[in-house]
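What follows is a single structure, written as structure tokens, with notes after it.
No experiment lies behind these values; they were computed from the predicted model shown. We name chains A, B, ... by the order of the sequence lines, and we start the count at 1 in each one.
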Number of protein chains: 2
Amino acid sequence: MTSPAAFAGLAALMGDPARAAMLQALLSGEALTAGELARAAGIGAPAASAHLARLVEGGLVLVHPQGRHRYHRLAGEEVAAAIEMLGGLATAVTPARRWPHGEEFRQARLCYDHLAGRLGVALYGALTGRDWIAPAAGGWQATEVGESGLAALGVDLAAARRARRFACDCMDWSERRAHLAGGLGREIAACCLRRHWLRRLPPLREGDPLARRRLALTPEGARQLDAALGVRLVA
Amino acid sequence: MTSPAAFAGLAALMGDPARAAMLQALLSGEALTAGELARAAGIGAPAASAHLARLVEGGLVLVHPQGRHRYHRLAGEEVAAAIEMLGGLATAVTPARRWPHGEEFRQARLCYDHLAGRLGVALYGALTGRDWIAPAAGGWQATEVGESGLAALGVDLAAARRARRFACDCMDWSERRAHLAGGLGREIAACCLRRHWLRRLPPLREGDPLARRRLALTPEGARQLDAALGVRLVA
DNA sequence: GCGACGCTTCGGCCCTGGGCGAAGGGATCA
DNA sequence: TGATCCCTTCGCCCAGGGCCGAAGCGTCGC
């Protein structure tokens, strides 16, 4: 809460329909080019360029040029968490039909680069309940039993440790409980996708802005997570 | 995440400087009149009236008229949580000086109607760590030992149970950890204030928008919370 | 080296929406 | 009942900002 001006500026930055669509598209954690984002927002290239410049200048988006492309991604997990939470509030507050994406979006999804939905909070509960992670300054650290357990699952702990934050909370708007973010959250998600314990769901319709984020547990994934952590969710 | 349009509309609603100032003022949990909010936003009565109408229509603010006054308050804890989190993101993202309100704002503050800051997350950790609360659908429930412990502290559990949610997580942006919201969070804060374990801090300057939210633990409060829950924070 | 491509900058159009003053509705109090 | 107060509605002005087409700049591929 610096000044209300900073708050207002940030909210206004997210409050434009075109920029909002871009941010939603980036919430999958992937880096997208300016052209892809222009298409996602349904505007022309010049307008998209201006919007992206403002998002970058506002600190919400990072850009790294590669050849003639300019790839954009969200500036960090706190940005993603705020967007995710605001989206949740929008569904809670909007009296219109609430779940155009179906109950499954609530079951498992990507929140930036980590897992959210019932699966996300179930994993979080399992990790804390089995003392695989323990509170530390500004987040969580892995315990000894946690390290071996996570390594046995195939989670790349070294990669997780290279992140700015090893593990921290992120609010899950659909479950109203915390789930795991930070390097560990990212690596767990990556591990589940790599091992085909999770699969990406097809888009519901053409140009679905949430398409890249929709996930489902596979039967194998349900079995493995139940065996390792006691997480019981239908595949 | 209904439509990106709903997301954008919500963010735009919060993105106006005047409305942002009003929302910040309402984050203390108190119900304020239209005139007070106009002053907080630094605008005239007609403009304030229009803004408040939009906030009400957008579902962020509730209004209940009393005589010739119209009292306004935030529509719920999820609204407060989103505003609080967005404010946190604004401080994180804004390169300007980060803590005009001093470190103490980070120590203890009101987030709508419950406790936030280091005190909020410490209490949350104590309640979960001592199994005073246990996970339940959509949040937390009190355990048997928790019920007696909370009652001994003077927390009004009956009042907490009348709330729409008994207890749920709320993201603490300064600590990046969850703290306790819902009826129980509200009643714990009320109890601490009632028993003078917490006192309100004076505003830092005239018209301080965060004035109503600034709290400090009293020596008696630090003693009591340490004895009951092992929460150790300097008064 | 030349065209194709991705992206940005520039110039101009348009329109949403925020602000105020004046006037109107209700409620309170004497 | 009339004065006062809080708030809203109405009418108006005006600036900020979103959009596009055209042009410019740098990169890639033949």
Side-chain angles (χ1 to χ4, degrees), chain A residues 3-26 30-73 207 209, chain B residues 3-26 30-73 207 209:
Chain A
S3 57
F7 172 93
L10 191 66
L13 205 54
M14 301 196 281
D16 175 81
R19 287 194 293 268
M22 290 177 169
L23 292 172
Q24 296 273 358
L26 290 171
E30 294 172 83
L32 302 176
T33 67
E36 289 174 307
L37 288 167
R39 251 166 286 129
I43 56 178
S49 181
H51 283 307
L52 286 169
R54 293 186 59 178
L55 288 173
V56 169
E57 210 242 341
L60 292 183
V61 164
L62 299 178
V63 56
H64 42 115
Q66 272 180 32
R68 56 183 170 184
H69 297 279
R70 286 168 68 94
Y71 284 91
H72 299 262
R73 61 187 173 88
Chain B
S3 57
F7 173 92
L10 191 65
L13 205 54
M14 300 195 283
D16 176 81
R19 288 194 293 268
M22 291 175 168
L23 292 172
Q24 296 274 359
L26 289 171
E30 295 172 83
L32 302 176
T33 66
E36 289 174 305
L37 288 166
R39 252 167 285 132
I43 56 177
S49 180
H51 283 307
L52 287 169
R54 294 187 60 178
L55 288 173
V56 169
E57 210 240 343
L60 293 183
V61 164
L62 299 178
V63 55
H64 41 115
Q66 272 181 29
R68 55 185 169 185
H69 297 279
R70 285 168 71 94
Y71 285 91
H72 299 261
R73 60 187 174 88

d([atom1], [X]; [atom2], [N]) in whole Å:
X       : N     : atom1 : atom2 : answer
B:Leu32 : D:dC6 : CG    : C1'   : 15 Å
B:Arg39 : D:dC5 : CZ    : C1'   : 13 Å
B:Ile43 : D:dC7 : CD1   : P     : 13 Å

Any idea which of D:dC7, D:dC20, D:dG26 is nearest the A:Arg68 side chain? D:dG26
Of A:His51 and B:Ala50, the one whose nearest nucleotide on DNA chain D sits closer to the 5' end is B:Ala50
Which is more 5' along DNA chain D, the nucleotide nearest A:Asp16 or the one nearest A:Gln66? Just name the residue. A:Asp16
Where do B:Arg70 and B:Leu37 land on the side-chain contact (heavy atoms from CB on, under 4.5 Å) test, with the steps shown first? CA-CA 11 Å; B:Arg70 285 168 71 94; B:Leu37 288 166; over 6 Å; no
A:Leu10 vs A:Leu60, side-chain contact (heavy atoms from CB on, under 4.5 Å): CA-CA, chis, key distance, verdict: CA-CA 9 Å; A:Leu10 191 66; A:Leu60 292 183; 3.6 Å; yes
Step-by-step side-chain contact (heavy atoms from CB on, under 4.5 Å) determination, B:His72 to B:Leu32: CA-CA 5 Å; B:His72 299 261; B:Leu32 302 176; 5.7 Å; no
Do B:Arg39 and B:Glu36 pass the side-chain contact (heavy atoms from CB on, under 4.5 Å) test, and can you show the C-alpha distance, the side-chain angles, and the key distance before you say yes or no? CA-CA 5 Å; B:Arg39 252 167 285 132; B:Glu36 289 174 305; 4.3 Å; yes
Residue-phosphate contact under 4.0 Å: B:Arg70 side-chain N/O, D:dC6 OP1/OP2: no
Which heavy atom of B:Ala21 sits nearest to which heavy atom of B:Ala41, and what is that distance? CB-CA, 3.9 Å
Check every strand shown and say whether B:Ala45 touches a base, only sugar-phosphate, or nothing at a heavy-atom separation below 4.0 Å. base
Just by modelled atom types, is the B:His51 backbone N or O under 3.5 Å from a matching donor or acceptor in the B:Arg19 side chain? no
Just the endpoints, please: which first and last nucleotides of DNA chain C, 5' to 3', lie under 4.0 Å from a heavy atom of chain B? C:dG17 to C:dT28
